[in-house]
Protein chains: 2
Amino acid sequence: MTARTESPDGVGSECAAVSQRIGVAARACGVTTRTLRYWQEIGLLLPSGMSEGGERLYGDEDVKRAARIKELQELLGFSLSEIRVVLETEDILDRVRSAYRADMRPARQLELLSEAIEANDTLLARLDDTLARVRAFRRERAQKADRLRARVAELESEMARGRRRAK
Amino acid sequence: MTARTESPDGVGSECAAVSQRIGVAARACGVTTRTLRYWQEIGLLLPSGMSEGGERLYGDEDVKRAARIKELQELLGFSLSEIRVVLETEDILDRVRSAYRADMRPARQLELLSEAIEANDTLLARLDDTLARVRAFRRERAQKADRLRARVAELESEMARGRRRAK
DNA sequence: CCATACCTTCACGTTAACGTCAAAGAATCC
DNA sequence: GGATTCTTTGACGTTAACGTGAAGGTATGG
């Protein structure tokens, strides 16, 4: 849909990084090659191509997806199976859209969509909950910061008094 | 500091759950007894008392602390060692406060405090980052929800047209 | 006082998510 | 075209955070 591999203009060599080998892709999204292979192993991120030599080739979208996976992991502590659900929900829209090739009955499409909607709403609810809790937590810590600094000021003025008296 | 174990009034039996056995405490904060023992093992949550028979006794604050630990785990995916840092920072204020028993030099107190402040600020920054990312993510998913529902509407009207024509 | 439920300390098992090597096949540079 | 670098597929190791008994002490209601 985005860019073809064919290099539409004849210039060549300008096709950008539409298809990178695993090492480059890994560095691009901040994980190891082992991780990318593992994600493939469990069906979480399939490289969109293979070289004839049998090497994995990752497109830009793959790299984006990898980065997204990593973010969900680190940001919210999602497990890979949770992430799988999120991403599958994401994929559904694309699949339904590209079901222009309407070999899929509209009824079936609706089914898929309502599934995706439910999953998405569940996720949204979870995100809202998370937001609320993190905000509460943040407030707490901000207050604690205030108290800490107040205590520091108190101590410092105390020490200053001590010094003045000792003089 | 809060409630003494002595039951100040003579009524008795009203001392509340200031000191519970491990099973009750575990249920109270939604973890297993094994988990509480593990958290003690790694020094994350020490039961505030022991019965003469050698059983762990958890006070209300312990239970709160346990609940906090669980929240940090599930909410933000913190590891127990990250949580340890957070809680230690939390403890410092209490310790410095109860350093009324000023066997601790004010200079040392200041040192502790600035350590705590730094750790706390780090945490705050992390929380802010998390908040920003989660919000961004939420926006994305909300938009996705809109698109999904739009596509449903589209499909439904399409099907309705189909039915009218077939009639 | 005794049955039952709860607790103790080992100690080994488990799961997720990779890390780490080995042996051998591609790709690339000069 | 040979050396160097990258990649492949196994296969075993590792770490965190517990789960799951076993063997035996403790608390408690009838």
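From a predicted model like this one, the values you see are computed outputs, not experimental measurements. By convention in this document, chain letters (A, B, ...) are assigned in the order of the sequence lines, proteins followed by strands, and residues within each chain are numbered from 1.
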Linking I/L/V/M/F/W/Y whenever their side-chain heavy atoms sit closer than 4.5 Å, directly or via other members, would B:V63 and B:I22 fall into one cluster?
no
Rounded to whole angstrom units, what separation is found between the CD atom of B:E74 and the C1' atom of D:dC18?
13 Å
Could you state the atom-to-atom distance from CD of A:E41 to C1' of D:dC12 in whole Å?
13 Å
In whole angstroms, how far is the P atom of C:dC6 from the CG atom of B:L36?
16 Å
Gap between atoms OH and C1', on A:Y58 and D:dC6 respectively (whole Å)
14 Å
Which sits closer to the 5' end of DNA chain C, A:F78 or B:R37, going by the nucleotide each is nearest to?
B:R37
Please confirm whether the shortest side-chain N or O distance from B:Q73 to OP1 or OP2 of D:dA16 is below 4.0 Å.
no
Would you call B:R149-A:D121 a salt bridge at under 4.0 Å N-O?
yes
In 5'-to-3' order, the base (B), backbone-only (S) or no-contact (-) status of each nucleotide in nucleotides 19-30 of chain D, using a 4.0 angstrom heavy-atom cut-off, is BB-----SS---
Give me the atom names and distance for the closest heavy-atom approach of B:F78 to B:R126.
CE1-NH2, 3.3 Å
Which is more 5' along DNA chain C, the nucleotide nearest B:T33 or the one nearest A:L80? Just name the residue.
B:T33
Can you check salt bridge (Lys or Arg N to Asp or Glu O under 4.0 Å) on B:E61 and B:K64, steps first, answer last?
CA-CA 5 Å; B:E61 290 186 20; B:K64 273 191 203 167; over 6 Å; no
Main-chain N/O of B:G59 paired to B:D62 side chain as donor or acceptor, under 3.5 Å
yes
Minimum-distance pair of heavy atoms, taken over all atoms of A:V85 and A:T89
O-OG1, 2.7 Å
I need the CE-P distance between A:M50 and C:dA26, as an integer number of Å.
14 Å
Between B:I42 and A:Q40, who's closer to the 5' end of DNA chain D by nearest nucleotide?
A:Q40
Taking CD1 from B:I83 and C1' from D:dA16, how many angstroms apart are they, rounded to a whole number?
12 Å
Pick base, sugar-phosphate or nothing for B:S79, based on heavy-atom distances below 4.0 Å to the nucleic acid.
sugar-phosphate
Looking only at atom types and distance, does a side-chain atom of B:R84 sit under 3.5 Å from a main-chain N or O of B:I42, one as donor and one as acceptor?
yes
Of the options D:dT8, C:dC7, D:dA16, whose atoms approach the side-chain atoms of B:Y38 most closely?
D:dA16
Atom-pair distance (CD on A:Q20; P on D:dC6), nearest Å
15 Å
C:dA17 OP1/OP2 closer than 4.0 Å to side-chain N/O of A:W39
no
Take the protein atom CD1 of A:I69 and the nucleotide atom P of C:dA16, then report the distance between them rounded to whole Å.
17 Å
